[in-house]
Amino acid sequence: MLPRSGTASVDRVFRRVLLAILAGIAVFLVPWTVYLGLTLPEHFDTSQWRVAWVGFDVVLLLCFAASVLLGMRRSRASVPMLAATAALLCCDAWFDVVLDWGGPDQWASLGTALLAEVPIAVFLMLRARALLAGNARPRPLTMNDITVRTNPNYQRLLRLLPATSAELRAQLPSIDVPAALLTLTHAGYTRRTRDGRWRSVPQSTNEAKLEDYPEEDRPKLAAYLDAKYDHEVRLVAWAAERRDTFDGWTAGSRAGIRLSYKDLKEFEAEYLELIHRYAARKPGPSDEARDLAVRFYAFPEPKPAELA
């Protein structure tokens, strides 16, 4: 059971205090910025000019190097590092252009900012966002999805990915592999990478409601949903009966939490982002990896009499 008071109350108080501090700083910076704009001189001679800029570029270099190392390790810390590197690039572009404006290097600084520094910063921010949010957005379930998910040949093929076409044909001699790959690619389930191997594409579909589909598709959709939930019930029962035979290859938790409908949808979205983000960090299974069934369910808590 998740805490409904105590720690949660402290977190809310801390959040409010933090937001109040940040808002106060933002308000203070308005008159301070105006004051600086009115009082700072147009020209100013300073010492340690070389040290300041060389030091800044050393920090920028270290950020790029750290981003590479963290990216190679597929560490979650690469997200804030990419954001920090992008911010430093924007700062570099701003000061280069402003401080060189009116001088012989103004156009070189402007060109470098527009053609290199700012585009690279935007790319790094977009990459950080993709790593943070995951690479699969929830979308409506389509009849093509049902066709793919109910076809045993397609499911057998998907479980063998990543693989080359030749490897798939060798392991699935009874299946027309090129035709299956074409269908799966058109449905958005597979893609071919530069190394010639076929890989599966992460999927995330919203819960289907019969009233959202044409009348002629509802029988097929209803049968699919009935079969899906029947399989889920049997799967959970199977795992419960064998819970002592998995040698530690299990993980799970139960919790109760009071949420609004909007909160529930936000919680679900964050859960899906976590799944897709973690999967993106692990593009290829290691030799000791095993296929695991991962499920997330949230539903109104029943009354005791309803479980009797």
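Counting from 1, the numbers follow the sequence of the chain as shown. What you are looking at is a predicted structure, and each value in this text was computed from that prediction instead of being measured.
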Please tell me whether D145 and T142 have a donor and an acceptor in their side chains that are separated by less than 3.5 angstrom. yes
Considering only heavy atoms from C-beta outward, does the side chain of [X] approach that of [Y] to under 4.5 Å?
X	Y	answer
T205	R149	yes
F64	L124	yes
K228	Y224	yes

Classify the ring geometry between W101 and W107 as parallel (under 30°), tilted (30 to 60°) or perpendicular (over 60°). perpendicular
Plane angle bin for F95 and W53 - parallel if under 30°, tilted between 30 and 60°, otherwise perpendicular: perpendicular
Contacts of type salt bridge (Lys or Arg N to Asp or Glu O under 4.0 Å), residue R159, not counting sequence neighbours: none
Measure from the side-chain N and O atoms of R243 to the backbone N and O of A240, and report whether any donor-acceptor pair falls under 3.5 Å. yes
Could you tell me whether a side-chain N or O of Q106 sits under 3.5 Å from a main-chain N or O of G102, the two making a donor and an acceptor? yes
[X] atom [atom1], neighbour heavy-atom count above 12 within 6.0 Å:
X	atom1	value
R127	CZ	no
R15	CZ	no
K209	NZ	no

Name every donor-acceptor pair, under 3.5 Å, that has one atom in a side chain of residues 82-90 and the other anywhere in the protein, sequence neighbours excluded.
from	atom 1	to	atom 2	distance (Å)
T85	OG1	S67	OG	3.4
T85	OG1	M81	O	2.8

